[in-house]
Participant: 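Here it is, the structure, as structure tokens.
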Amino acid sequence: MKKKVGFNLRSICGEHVIVAEGKENIDISMNETSAYLWEAIEDKEFTAETLADLLLEQYEVEYNIAYKDCLELIVKWEEAGIIEP
């Protein structure tokens with residue numbers, strides 16, 4: 001997977017928001033953790049394992065929990081149309 005071109009993370013009124021540039025018109029709010037992951041995968045291919053490893057580097061969390069959460073996050077990002085295979 002990788003981020004779709006044209007979707008950028010912005011800080012708006014203290015909230016992390018994915019903003020589409022160009023003809024796409026979508027705004028997606030992110031919490032601090034998902035914003036961290038979004039920035040960490042800039043211009044990189046990633047999987048749920050990649051994201052889980054990033055979480056382990058940043059937070060004290062068990063791998064199984066991080067991996068499950070990352071699978072769910074990927075589904076949300078796919079549904080929002082901000083990542084591509």
Side-chain angles (χ1 to χ4, degrees):
M1 305 248 149
K2 63 181 184 176
K3 291 169 42 172
K4 267 187 166 177
V5 174
F7 290 93
N8 299 302
L9 182 67
R10 301 280 185 253
S11 181
I12 301 172
C13 297
E15 296 247 351
H16 298 290
V17 179
I18 296 294
V19 178
E21 294 180 0
K23 61 184 174 181
E24 298 281 344
N25 189 12
I26 187 171
D27 295 338
I28 300 167
S29 293
M30 292 194 175
N31 65 23
E32 191 74 29
T33 303
S34 59
Y36 160 72
L37 292 172
W38 184 262
E39 289 180 323
I41 59 167
E42 183 71 35
D43 297 324
K44 298 177 185 170
E45 294 280 331
F46 68 92
T47 63
E49 292 86 0
T50 309
L51 297 179
D53 288 340
L54 288 166
L55 287 180
L56 292 176
E57 291 175 11
Q58 190 73 14
Y59 303 99
E60 290 186 28
V61 62
E62 292 180 28
Y63 182 83
N64 294 345
I65 293 170
Y67 179 76
K68 180 181 172 279
D69 289 348
C70 290
L71 285 174
E72 292 173 8
L73 182 61
I74 287 173
V75 168
K76 289 178 184 177
W77 286 355
E78 286 174 328
E79 289 172 351
I82 62 173
I83 60 173
E84 58 190 5

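Keep in mind that this is a model prediction, so the values were computed, not measured.
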Participant: Please determine whether salt bridge (charged side-chain N to carboxylate O under 4.0 Å, His left out) holds for the pair E72 and K76, giving the CA-CA distance in whole Å, both sets of side-chain angles, and the decisive distance to 0.1 Å.
Facilitator: CA-CA 6 Å; E72 292 173 8; K76 289 178 184 177; 5.6 Å; no
Participant: Using side chain to side chain contact (heavy atoms under 4.5 Å, CB included) as the criterion, point out the one residue from L55, V61, D69 that pairs with T33.
Facilitator: L55
Participant: Mind checking the CD-CG spacing from E42 to L37? Nearest 0.5 Å is all I need.
Facilitator: 13.0 Å
Participant: What's the spacing between M1 CE and E84 CD if we round to 0.5 Å?
Facilitator: 9.5 Å
Participant: Going from CD1 on I41 to OG1 on T50, what distance comes out if it is rounded to the nearest 0.5 angstrom?
Facilitator: 9.0 Å
Participant: Going from CG on N8 to CD on E39, what distance comes out if it is rounded to the nearest 0.5 angstrom?
Facilitator: 10.5 Å
Participant: Is it possible for you to say whether V5 and F7 belong to one hydrophobic cluster, with membership spreading through side-chain heavy-atom contacts below 4.5 Å?
Facilitator: no
Participant: Taking only residues two or more places apart in sequence, or in another chain, which ones meet E57 in a side-chain contact (heavy atoms from CB on, under 4.5 Å)?
Facilitator: Y36, L54
Participant: Going hydrophobic residue to hydrophobic residue with side-chain gaps under 4.5 angstrom, can you get from I82 over to V75?
Facilitator: no
Participant: Ignoring hydrogens, what is the shortest heavy-atom contact between F46 and K3? Give both atom names and the distance.
Facilitator: CE2-N, 4.0 Å
Participant: Taking atom CD of E62 as the centre, report whether more than 12 heavy atoms of other residues, nucleotides or ligands fall under 6.0 Å from it.
Facilitator: no
Participant: I need the I83 CD1 to K4 NZ distance, nearest 0.5 Å.
Facilitator: 9.5 Å
Participant: Can you see whether S34 engages N31 through a side-chain donor-acceptor pair at a distance of less than 3.5 angstrom?
Facilitator: yes
Participant: Indicate the atoms forming the closest heavy-atom contact of A48 with C70, along with that distance.
Facilitator: O-CB, 3.8 Å
Participant: Nearest 0.5 Å, please: how far is CH2 in W77 from CE in M30?
Facilitator: 5.0 Å
Participant: Looking at every non-hydrogen atom in both residues, tell me the closest pair between T47 and I74 and how far apart they are.
Facilitator: C-CD1, 3.9 Å
